[in-house]
Amino acid sequence: MPDNTDTKKTKSKPPEAPESLRRLQKAFGHSIATPFAFGALDGVECQVNRYDSLAVSQMVGRGSLSGVERLAVYNQQYWFRLLTVMQEEYPLLERIVGVREFNKLVTDYLGAHPSKSPSLRHLSDGFVDFLASDAAGVYGTKMNIQTARLEYLYIHAFDAEELAPLTFATIEQAEEVMSNPLRFQPHLGFCQCDWALVEARRTVRKNSEIKSIIPEENTEHWAVFRGKNGVSSHQLSQLQWPLIQALSGGQPFAEACETVAATMERDDLEEFSSEIQSWFATWAAMGWFAAS
């Protein structure tokens, strides 16, 4: 007769890799992640002397390549991939500093902050902070830091989540919204630039033949966000900027308006008061606000 007794099925644990295999994997990973050496000329060199001796000893030659030369090929492909991704994500910064100097900068950054995620979306998470640190050396200029900060907003806007949009159907709901801090969409970011960086970025993205560019000096304020047609940027006026700063800092709408208005001259105050509702409607239509 069949046994109807309930039995608990236990999942067997997958076998653990031998310690020798784990050591070899670690040695191989360390070797292919060894940063390039940048010489006085345009070329780069693999630092084969820094490869892990275990990985070198286990690499078998094939064809005309020795074991260490094959390991160098993996090393090159690893870094070419990372450098290409960073060039694509920071097209303006790459044109400002030059491709060779940009590659050296990225190599220094990733050498100090190796990628720890299998996803390349997190590759440059610490890039702006690195540029602002002493480790960046001559590359840590104000323009370079602002450019990297702006371009990271585009990266973040593409990847960040989208929350349910803010909506209100009655005056009572609108009054409640205005009396509480507004919640911005996670993909929305703001930045102040002392150069015309957005226009310069658009220029180099449209024309890949441009190898060098120096943005014009011009104080600008921008919002970068993901809209219906992808990642977009929207310029904010000198009057809008302090209001946005107050709102993103957590002040309710009415309170933020009062705070900003108290700092304005008469002419600016008249324009500010007459345009507030239109600004808010525009920002809401672009999807900047999320439901609480």
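What you see below is based on every heavy atom in this structure, not just the backbone, and it leaves out hydrogens, waters and symmetry mates. Because the structure is predicted, anything quoted here is derived from the model rather than measured.
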(request) Could you tell me which non-hydrogen atom of Phe158 sits nearest to which non-hydrogen atom of Arg226, and how far apart they are? (result) O-NH1, 3.4 Å

(request) May I ask whether Val73 and Leu82 are part of the same hydrophobic cluster, defined by side-chain heavy atoms of I, L, V, M, F, W, Y residues being less than 4.5 angstrom apart, directly or through others? (result) no

(message) Assigning hydrophobic clusters by single linkage (Ile, Leu, Val, Met, Phe, Trp, Tyr; side-chain heavy-atom cutoff under 4.5 Å), is Leu65 placed with Phe80?
(response) no

(message) Between Thr107 and Leu83, is there a side-chain heavy-atom distance shorter than 4.5 Å?
(response) yes

(message) Is any side-chain heavy atom of Gln146 closer than 4.5 Å to one of Leu150?
(response) no

(request) Please answer: with hydrophobic residues joined when any side-chain heavy atoms are less than 4.5 Å apart, are Val48 and Phe28 in the same cluster? (result) yes

(message) How close do Gly287 and Gln185 get, counting heavy atoms only, and between which atoms?
(response) O-CG, 3.1 Å

(request) Identify whether the distance between the nearest side-chain nitrogen and carboxylate oxygen of Glu101 and Lys104 falls below 4.0 Å. (result) no

(message) Would you say Asn218 and Glu216 are linked by a side-chain donor-acceptor pair, where the criterion is simply a distance under 3.5 Å?
(response) no

(request) Might you point out which heavy atoms bring Ala136 and Leu131 nearest each other, and give the distance in Å? (result) CB-O, 3.5 Å

(request) Please check if the side chain of Ser273 supplies one atom and the backbone of Glu270 the other of a donor-acceptor pair under 3.5 Å. (result) no

(message) Surrounding CZ of Arg205 (heavy atoms of other residues, nucleotides or ligands, distance under 6.0 Å), is the total greater than 12?
(response) no

(message) Please give me the minimum heavy-atom distance between Thr147 and Ile96, naming the atom from each residue.
(response) OG1-CD1, 3.6 Å

(request) Evaluate the criterion ring pair (Phe, Tyr, Trp, His ring centres under 6.0 Å) for residue pair Tyr109 and Phe102; output intermediate values, then yes/no. (result) CA-CA 10 Å; Tyr109 159 64; Phe102 179 80; over 10 Å; no

(request) Using a 4.5 Å cut-off on heavy atoms from C-beta on, say whether the side chain of Phe36 contacts that of Cys46. (result) yes

(message) Side chains of His113 and Phe130, heavy atoms from C-beta outward: is any pair under 4.5 Å?
(response) yes

(request) Using salt bridge (Lys or Arg N to Asp or Glu O under 4.0 Å) as the criterion, list what pairs up with Arg201, not counting sequence neighbours. (result) Glu151

(message) If I compare all heavy atoms of Ala223 with all of Leu188, which pair ends up nearest, and what's the gap?
(response) CB-CD1, 4.0 Å

(request) Mind checking the OG-CD spacing from Ser31 to Gln47? Nearest 0.5 Å is all I need. (result) 12.0 Å

(message) Between Glu89 and Tyr152, is there a side-chain heavy-atom distance shorter than 4.5 Å?
(response) no

(request) Working to the nearest 0.5 Å, report the span between CG of Asp125 and CD1 of Ile155. (result) 8.5 Å

(message) Could you walk me through whether Thr203 and Arg95 satisfy the side-chain hydrogen bond (donor to acceptor under 3.5 Å, both in side chains) test, starting with their C-alpha distance in whole Å, then the side-chain angles of each, then the deciding distance to 0.1 Å, before giving a yes or no?
(response) CA-CA 11 Å; Thr203 299; Arg95 302 314 199 287; over 6 Å; no

(request) Could you state whether Leu110 and Tyr74 fall into the same hydrophobic cluster, counting links through intermediate Ile, Leu, Val, Met, Phe, Trp or Tyr residues with side-chain heavy atoms under 4.5 angstrom apart? (result) yes

(request) Any chance you could measure His221, atom NE2, to Leu239, atom CG, to the nearest 0.5 Å? (result) 10.5 Å

(request) Report yes if the distance between the aromatic ring centroids of Phe184 and Phe190 is under 6.0 Å, otherwise no. (result) yes

Using distance only, find each side-chain donor-acceptor pair of residues 248-255 under 3.5 Å and give its atom names and separation, not counting sequence neighbours.
unit_1 : atom_1 : unit_2 : atom_2 : d
Ser248 : OG     : Ile244 : O      : 2.9
Ser248 : OG     : Gln245 : O      : 3.1
Gln251 : OE1    : Thr259 : OG1    : 3.0

(request) Enter the distance from Ser133:OG to Tyr139:OH here, rounded to the nearest 0.5 Å. (result) 13.5 Å

(message) With a 3.5 Å distance limit and no angle check, can you tell me whether Arg70 reaches the backbone of Gly61 through a side-chain donor-acceptor pair?
(response) no

(request) Determine, using ring centers only, whether Phe280 and Trp288 are less than 6.0 Å apart. (result) no

(request) Output yes when a side-chain donor or acceptor of Trp222 lies under 3.5 Å from a complementary backbone atom of Gln192, and no otherwise. (result) no

(request) Would you please name every residue forming a salt bridge (Lys or Arg N to Asp or Glu O under 4.0 Å) with Lys142, sequence neighbours left out? (result) Asp194

(message) For Leu163 versus Ala290, what's the shortest heavy-atom pair and its separation?
(response) CB-CB, 3.8 Å

(message) Nearest 0.5 angstrom please: Asp159 CG to Arg121 CZ, how far?
(response) 4.0 Å

(request) Answer yes if the side chains of Asn75 and Tyr51 hold a donor-acceptor pair under 3.5 Å, and no otherwise. (result) yes

(request) Report whether Val99 and Ile213 are members of the same hydrophobic cluster (ILVMFWY, side-chain heavy atoms less than 4.5 Å apart, transitive linking). (result) no

(message) To the nearest 0.5 Å, what is the distance between CG on Leu54 and NE2 on His30?
(response) 11.5 Å

